[in-house]
There are 2 protein chains.
Amino acid sequence: MPTKTKEETSSRDYVNSFARGLEVIRVFTRAKPRMTLSEVAKATDMTRATARRFLLTLVQEGYMESDNKHFMLRPKILDLGYSVLSSMEIWDVAQPIMQQLADKLQECCFAVVLQEHSVIYTARATSNRYVSVGISVGSRVPAHTVSSGRVLLAALSEEELLKYLDEAELVKYTPNTITSKVKLKSEIDQTRLDGWAIVDQELEIGLRSISVPIKDATGRVVAALNMPCPSARISFDEMRTRVLTELMTASNQITAGLMR
Amino acid sequence: MPTKTKEETSSRDYVNSFARGLEVIRVFTRAKPRMTLSEVAKATDMTRATARRFLLTLVQEGYMESDNKHFMLRPKILDLGYSVLSSMEIWDVAQPIMQQLADKLQECCFAVVLQEHSVIYTARATSNRYVSVGISVGSRVPAHTVSSGRVLLAALSEEELLKYLDEAELVKYTPNTITSKVKLKSEIDQTRLDGWAIVDQELEIGLRSISVPIKDATGRVVAALNMPCPSARISFDEMRTRVLTELMTASNQITAGLMR
DNA sequence: TCATTATGTTCGCTATAAGAACATTAAAAT
DNA sequence: ATTTTAATGTTCTTATAGCGAACATAATGA
């Protein structure tokens with residue numbers, strides 16, 4: 001059964017003002033959680049009058065508030081799908097297993113999915129550490145820079161992978177970031193052999209992560225199970241031995257739980 | 001500094017098609033995560049042609065997918081503000097403290113905020129239990145039926161509380177649900193004296209919960225700290241003694257963390 | 001005080017978005 | 001297998017919704 005995702009919608013079937021309004025929500029990011037009208041207009045490349053109308057609509061509907069200078073999101077924004085996404089069966093099954101893993105390793109762990117050239121963090125189990133990575137559910141990072149991206153790209157068909165490599169812009173974040181498509185392909189091929197990936201300080205200096213695939217009952221990779229941590233806390237060796245074992249075990253438990 | 005939330009926006013400043021499009025997203029709920037075109041049109045009270053255009057726009061923009069019959073949300077929906085909300089300072093500070101609490105009590109706990117006549121669950125720390133309550137971040141329940149609602153209503157000014165009681169419809173969910181506004185006011189007044197609330201099986205039989213307020217550095221109540229659990233697991237007495245002590249301690253730790 | 005920046009408002013214009021009606025496809029009933 | 005019913009897709013008309021330009025007002029900075 002083919003899934004229709006990003007096909008071209010005929011211009012008559014596309015509601016431009018709806019899409020533009022959504023863009024206004026999207027420019028509120030972790031880096032810019034509060035913005036003035038002019039900042040929003042600039043960020044969205046709209047006129048002030050247009051941006052203002054969308055913002056006022058969001059305020060009227062309760063999704064945003066304004067202190068007469070800055071606009072900011074309100075919790076009602078969670079009505080826009082989050083509860084649905086987070087209640088999907090896979091995360092219901094995965095959550096307690098991930099929490100056991102987080103407790104055992106004393107680190108946060110995440111379930112991650114691929115979306116276009118990025119990965120999105122879709123579920124989390126937290127540890128009680130104060131120093132943690134600045135990633136939360138909903139965070140989005142470029143797939144080429146993290147281990148979960150590598151695992152998810154490895155699960156694509158060869159055709160899909162080549163398409164990604166054709167189109168993706170491999171932005172350099174640290175001296176470690178792989179920006180060569182040939183080298184990245186080689187790393188992904190290795191990930192295919194290994195069945196896991198460790199990526200060291202390619203997104204940010206000091207951030208190391210390990211990932212394994214999460215498979216559903218049919219054996220299809222539906223997410224990556226990911227554990228990022230400050231590189232000072234767990235050595236590369238320990239990650240490749242003790243942590244990897246725990247991650248593989250948890251991943252298999254999630255798959256088993258999806259078979260019931 | 002007054003905060004402008006739900007004022008009337010002049011009709012020229014309100015983008016109706018944007019608001020209608022958002023409504024299409026909102027009808028996808030935990031109960032109805034997948035829907036056909038006709039179901040969406042009925043749920044939103046729109047013509048099929050209009051609902052179809054919004055759905056196709058969402059598919060084109062990557063927020064939804066369709067299998068040629070049902071539409072369903074994709075993880076990109078998390079771009080619509082979730083990451084921002086979840087990264088606000090208060091939850092950054094609260095998360096490790098809540099996780100310690102969850103580990104200690106071996107139960108999930110939540111931070112909860114009031115919105116109109118409902119409460120929304122805005123942060124969560126999970127336990128590794130398999131049997132857990134069916135609440136997740138983004139869940140919304142009527143304020144009058146849960147302990148967090150009671151704590152948050154208790155923190156309103158008398159004027160705001162009377163307005164709530166005037167307008168709210170106290171729907172009955174179980175034989176225990178308080179539907180008398182006089183009785184609810186009396187319970188809230190008691191909560192004001194106690195500084196905490198326990199609510200027993202008023203939303204759902206078998207669901208008991210306890211809440212305390214979370215205050216910011218200025219002493220203003222900004223959320224409730226809430227622990228719901230199956231009523232068979234923790235007795236009323238244990239909740240009022242051991243659990244309450246732990247919740248109060250965690251709440252004070254969060255407030256202290258917000259002072260830095 | 002003046003200059004600059006940001007926000008608010010008005011208004012004319014046009015093309016966007018809505019809905020009605022028709023066409024096609026799929027599913028259910030006989 | 002055929003017919004009926006239900007669901008989805010498409011087209012087209014048209015009113016007005018939404019846009020942006022320009023002007024007005026308010027706030028901030030020099």
Side-chain angles (χ1 to χ4, degrees), chain A residues 1-28 32-61 63-74, chain B residues 1-28 32-61 63-74:
Chain A
M1 188 181 313
T3 295
K4 194 189 308 177
T5 53
K6 207 167 172 189
E7 284 182 9
E8 293 301 311
T9 299
S10 81
S11 60
R12 285 252 183 154
D13 290 334
Y14 185 86
V15 186
N16 203 43
S17 55
F18 178 42
R20 290 178 97 194
L22 290 175
E23 197 58 29
V24 165
I25 304 180
R26 281 190 73 225
V27 295
F28 286 80
K32 297 287 290 181
R34 299 159 51 94
M35 284 193 265
T36 63
L37 166 61
S38 296
E39 285 171 327
V40 173
K42 185 172 180 181
T44 53
D45 198 31
M46 288 176 197
T47 63
R48 288 178 293 104
T50 295
R52 184 168 173 274
R53 279 194 288 269
F54 287 128
L55 287 166
L56 291 182
T57 301
L58 288 163
V59 167
Q60 163 110 10
E61 292 302 316
Y63 296 107
M64 280 193 180
E65 63 189 350
S66 163
D67 59 12
N68 286 311
K69 184 173 171 59
H70 289 97
F71 292 87
M72 64 211 86
L73 296 173
R74 297 187 69 209
Chain B
M1 188 177 322
T3 297
K4 193 189 307 177
T5 52
K6 208 167 171 192
E7 284 182 11
E8 292 302 311
T9 301
S10 81
S11 60
R12 283 269 184 133
D13 289 336
Y14 184 85
V15 186
N16 202 42
S17 55
F18 178 43
R20 289 178 100 196
L22 291 175
E23 197 58 28
V24 165
I25 304 182
R26 282 191 71 224
V27 296
F28 285 80
K32 296 289 289 181
R34 297 159 52 95
M35 282 192 267
T36 63
L37 166 61
S38 296
E39 285 171 328
V40 172
K42 186 172 179 181
T44 53
D45 197 31
M46 288 178 196
T47 63
R48 288 178 292 104
T50 296
R52 183 168 175 274
R53 280 194 288 267
F54 287 128
L55 287 168
L56 292 182
T57 302
L58 288 163
V59 169
Q60 164 111 9
E61 293 301 318
Y63 295 106
M64 280 191 181
E65 64 188 351
S66 162
D67 58 12
N68 286 312
K69 184 173 172 58
H70 289 98
F71 292 88
M72 64 212 85
L73 296 173
R74 297 188 68 207

For the student: nearest non-hydrogen atoms of [X] and [Y], plus distance:
| X | Y | value |
| --- | --- | --- |
| A:Tyr63 | B:Arg26 | OH-CD, 2.7 Å |
| A:Val24 | A:Met46 | CG2-CE, 3.8 Å |
| B:Ala51 | B:Val40 | CB-CG1, 4.3 Å |
| B:Ala41 | B:Thr44 | O-OG1, 3.3 Å |
| A:Thr36 | A:Phe71 | C-CD1, 4.5 Å |
| B:Met64 | B:Leu73 | CE-CD2, 3.5 Å |

Nucleotide [N], atom [atom2] - distance to [atom1] of [X] in whole Å:
| X | N | atom1 | atom2 | result |
| --- | --- | --- | --- | --- |
| A:Tyr14 | C:dA18 | OH | P | 14 Å |
| A:Arg48 | D:dC19 | CZ | P | 15 Å |
| B:His70 | D:dT8 | NE2 | C1' | 13 Å |
| B:Leu55 | D:dA7 | CG | C1' | 14 Å |
| A:Phe71 | C:dA6 | CZ | P | 14 Å |
| B:Arg53 | C:dT16 | CZ | C1' | 10 Å |
| B:Asn68 | C:dT25 | CG | C1' | 12 Å |
| B:Asp13 | D:dG18 | CG | C1' | 11 Å |

Hey, what do you get for [atom1] ([X]) to [atom2] ([Y]), rounding to the nearest 0.5 Å?
| X | Y | atom1 | atom2 | result |
| --- | --- | --- | --- | --- |
| B:Leu22 | B:Leu58 | CG | CG | 9.0 Å |
| A:Arg34 | A:Ser66 | CZ | OG | 9.5 Å |
| B:Asn16 | A:Arg53 | CG | CZ | 13.0 Å |

With distance as the sole test, does B:Thr57 use its side chain to make a donor-acceptor pair with the main-chain N or O of A:Val15 at under 3.5 Å? yes

Per the under-4.0 Å heavy-atom filter, residues of residues 36-43 of chain B near DNA chain D come out as B:Thr36, B:Leu37, B:Ser38

Interface with DNA chain D, restricted to residues 15-26 of chain A and to heavy atoms under 4.0 Å: A:Ser17, A:Arg20

Using nucleotides 12-14 of chain C, report all nitrogen or oxygen pairs with the protein that are shorter than 3.5 Å.
unit_1: C:dG12; atom_1: O6; unit_2: B:Arg12; atom_2: NH1; d: 3.3

With sequence neighbours left out, write down each residue that passes ring-ring contact (aromatic ring centres under 6.0 Å, His included) with B:Phe18, or none if nothing qualifies. A:Phe54

Heavy-atom side-chain contact between A:Met72 and A:Pro33 under 4.5 Å: no

Check whether any side-chain heavy atom of B:Arg20 sits under 4.5 Å from a side-chain heavy atom of B:Thr50, and report yes or no. yes

Looking at B:Arg52, I'd like to know whether one of its side-chain N or O atoms comes within less than 4.0 Å of OP1 or OP2 on D:dG9. yes

Under 3.5 Å, which protein N or O atoms sit close to an N or O of nucleotides 25-30 of chain D? Give each pair with its distance.
none

Mind jotting down which residue pairs meet the salt bridge (charged side-chain N to carboxylate O under 4.0 Å, His left out) criterion with at least one end in residues 35-47 of chain B? Sequence neighbours excluded, please.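 Applying salt bridge (charged side-chain N to carboxylate O under 4.0 Å, His left out) to every pair that reaches into residues 35-47 of chain B, excluding sequence neighbours, yields B:Lys32-B:Glu39.
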
